[in-house]
*Asks:* 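Below is a structure I'd like to ask you about.
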Amino acid sequence: MDRGTPIEDTVGALAELVAEGKILHIGLSEASPETIRRAHAVHPLAALQTEYSLWTRDVEDEILPLLRALGIGLVPYSPLGHGFLTGQLRSPADIPDGDWRKSNPRFVGEAFTQNLQVVDEVRAVGAEAEATPAQVALAWLLAQGTDIAPIPGTRRVSRVEENTAADAVVLTSDQIARLDRLTPAVGARHDDANMSTIDR
């Protein structure tokens with residue numbers, strides 16, 4: 001369905017598929033609180049997919065409390081901050097040519113430098129917990145609640161194994177508090193063109 005279709009119509013059509021046994025659940029991606037409420041009123045939503053990580057925390061203000069009030073799970077994409085929270089990038093020069101992050105507001109200029117402070121604290125906690133920065137970032141997300149199921153993307157089996165092992169990383173209350181106090185990333189999540197496509 002095109003973007004002009006009311007969310008009620010879209011969810012209504014999906015609800016018919018649920019009734020027919022063709023699908024089991026309905027979820028949304030990048031939806032605003034208003035859209036979530038309107039959709040959930042037509043048929044209960046199972047999950048919302050949106051960006052959430054140590055450097056993207058805006059969902060905590062309104063969306064996450066709403067999801068919990070309605071019994072909807074959260075599926076955070078880019079839980080590793082598009083690779084930034086792994087600690088592998090220390091300079092914009094580390095980003096390959098042709099990579100979309102070259103023009104992302106969080107990966108350029110002074111924003112990149114300021115955002116390294118987030119990574120440095122994640123690395124410090126990782127050294128204490130005997131875990132990689134990626135595992136710390138995922139463990140922090142998992143510690144936010146059992147209704148959160150992050151989906152880190154990767155192209156390598158070794159990274160899948162590393163990310164899966166984050167489930168066994170136990171952060172202390174002090175470590176979680178330190179990570180909670182981190183200032184989210186400087187810069188918008190996406191450039192203006194991409195941000196305009198997100199239902200805010």
Side-chain angles (χ1 to χ4, degrees), residues 3 7-8 10-11 14-15 17-18 23-86 104 106 115 118-119 121-122 125 131-154 159-160 162-171 173 175-185 187-190 194-200:
R3 291 184 61 81
I7 191 64
E8 290 85 354
T10 301
V11 174
L14 292 171
L17 296 177
V18 172
I23 62 174
L24 295 178
H25 304 288
I26 299 173
L28 299 180
S29 180
E30 291 287 19
S32 69
E34 178 189 357
T35 298
I36 294 167
R37 290 187 186 95
R38 287 168 52 200
H40 194 72
V42 176
H43 187 281
L45 300 175
L48 173 76
Q49 180 188 41
T50 192
E51 187 170 356
Y52 182 35
S53 69
L54 277 168
W55 84 339
T56 302
R57 306 272 300 272
D58 51 310
V59 299
E60 295 174 346
D61 296 334
E62 187 175 358
I63 290 180
L64 188 52
L66 173 62
L67 296 181
R68 287 177 167 159
L70 297 176
I72 302 170
L74 177 62
V75 180
Y77 73 80
S78 298
L80 302 179
H82 304 290
F84 202 90
L85 295 174
T86 66
N104 181 280
R106 295 184 174 182
N115 290 334
V118 177
V119 177
E121 183 64 13
V122 172
V125 170
T132 67
Q135 289 170 339
V136 169
L138 292 171
W140 175 84
L141 259 181
L142 293 170
Q144 302 311 300
T146 57
D147 54 350
I148 295 176
I151 49 171
T154 184
R159 294 298 184 217
V160 172
E162 175 186 354
N163 294 339
T164 302
D167 189 46
V169 174
V170 178
L171 300 176
S173 58
Q175 290 167 339
I176 291 174
R178 282 164 53 193
L179 295 170
D180 284 344
R181 288 192 296 268
L182 288 173
T183 301
R189 289 203 279 142
H190 304 288
N194 284 308
M195 284 302 293
S196 70
T197 66
I198 294 175
D199 185 359
R200 301 175 68 82

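No hydrogens, no waters, no symmetry mates; every other heavy atom, side chains included, goes into these values.
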*Asks:* Looking at G81 and W55, what are the two nearest heavy atoms and their distance?
*Replies:*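 Shortest heavy-atom contact: CA-NE1, 3.0 Å.
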*Asks:* Just wondering, do P184 and D58 contact through their side chains at under 4.5 Å, heavy atoms?
*Replies:*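 No. Closest side-chain heavy atoms not under 4.5 Å.
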*Asks:* Shortest non-hydrogen contact from L171 to Q175?
*Replies:*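 Minimum heavy-atom contact is CA-OE1, 3.4 Å.
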*Asks:* If you measure from CG on L48 to NE2 on H40, what distance do you get to the nearest 0.5 Å?
*Replies:*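 L48 CG to H40 NE2: 12.0 Å, rounded to 0.5 Å.
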*Asks:* Between R159 and E162, is the closest basic N to carboxylate O distance under 4.0 Å?
*Replies:*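 Yes, this pair counts.
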*Asks:* Closest approach of L14 and I23, non-hydrogen atoms and distance?
*Replies:*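 The pair with the smallest heavy-atom distance is O-CD1, 3.6 Å.
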*Asks:* Is it the case that the side chain of N104 and the backbone of R189 share a donor-acceptor pair, with hydrogens and angles ignored and the cut-off at 3.5 Å?
*Replies:*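 Answer holds: yes.
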*Asks:* State, yes or no, whether a side-chain contact exists between L28 and I72 at a heavy-atom distance under 4.5 Å.
*Replies:*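 Not in contact.
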*Asks:* Quick check: are there more than 12 heavy atoms from other residues, nucleotides or ligands sitting under 6.0 Å from CG of D167?
*Replies:*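 No, because the 6.0 Å sphere around CG of D167 holds 12 heavy atoms or fewer from other groups.
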*Asks:* Nearest heavy-atom pair of G73 and L67: which atoms, and what distance?
*Replies:*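 So the two residues come closest at O-CD1, 4.2 Å.
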*Asks:* May I have the step-by-step check of side-chain contact (heavy atoms from CB on, under 4.5 Å) for Y52 and I63, ending in yes or no?
*Replies:* CA-CA 11 Å; Y52 182 35; I63 290 180; over 6 Å; no
*Asks:* So how far is it from L85 CG to H82 NE2, rounded to the nearest 0.5 Å?
*Replies:*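 Here the interatomic distance stands at 10.0 Å.
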*Asks:* Rounded to the nearest 0.5 Å, how far apart are CG of L66 and CD of E34?
*Replies:*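 Taking CG in L66 and CD in E34, the distance rounds to 11.5 Å.
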*Asks:* Out of curiosity, D180 CG to R57 CZ, how far, rounded to the nearest 0.5 Å?
*Replies:*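 Output value for this atom pair is 5.5 Å.
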*Asks:* Where do L80 and T86 come nearest, in terms of heavy atoms and distance?
*Replies:*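 Result for this residue pair: CD1-CG2, 4.1 Å.
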*Asks:* Less than 4.5 Å apart, side chain to side chain, heavy atoms only: is that true for F84 and V118?
*Replies:*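 No, every pair of side-chain atoms sits at 4.5 Å or beyond.
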*Asks:* Does any N or O in the side chain of N115 come within less than 3.5 Å of the main-chain N or O of R106, such that one atom is a donor and the other an acceptor?
*Replies:*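 Indeed, once roles are kept as given, a pair shorter than 3.5 Å links the two residues.
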*Asks:* How far does CD1 of I7 sit from CZ of R38, to the nearest 0.5 angstrom?
*Replies:*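 Rounded to the nearest 0.5 Å, the CD1-CZ separation comes out at 7.0 Å.
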*Asks:* Does T35 reach the side chain of E30, with side-chain heavy atoms less than 4.5 Å apart?
*Replies:*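 No, every pair of side-chain atoms sits at 4.5 Å or beyond.
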*Asks:* Hey, what do you get for CD1 (I151) to CG (L138), rounding to the nearest 0.5 Å?
*Replies:*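 Nearest 0.5 Å value for the CD1-CG distance: 11.5 Å.
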*Asks:* Where do A139 and A166 come nearest, in terms of heavy atoms and distance?
*Replies:*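 Heavy-atom minimum between the residues: CB-O, 4.0 Å.
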*Asks:* Please lay out, stage by stage, how L45 and L70 fare under the test side-chain contact (heavy atoms from CB on, under 4.5 Å).
*Replies:* CA-CA 9 Å; L45 300 175; L70 297 176; over 6 Å; no
*Asks:* Should V125 and W140 count as side-chain neighbours, where that means a heavy-atom distance under 4.5 Å?
*Replies:*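 Answer no - side chains too far apart.
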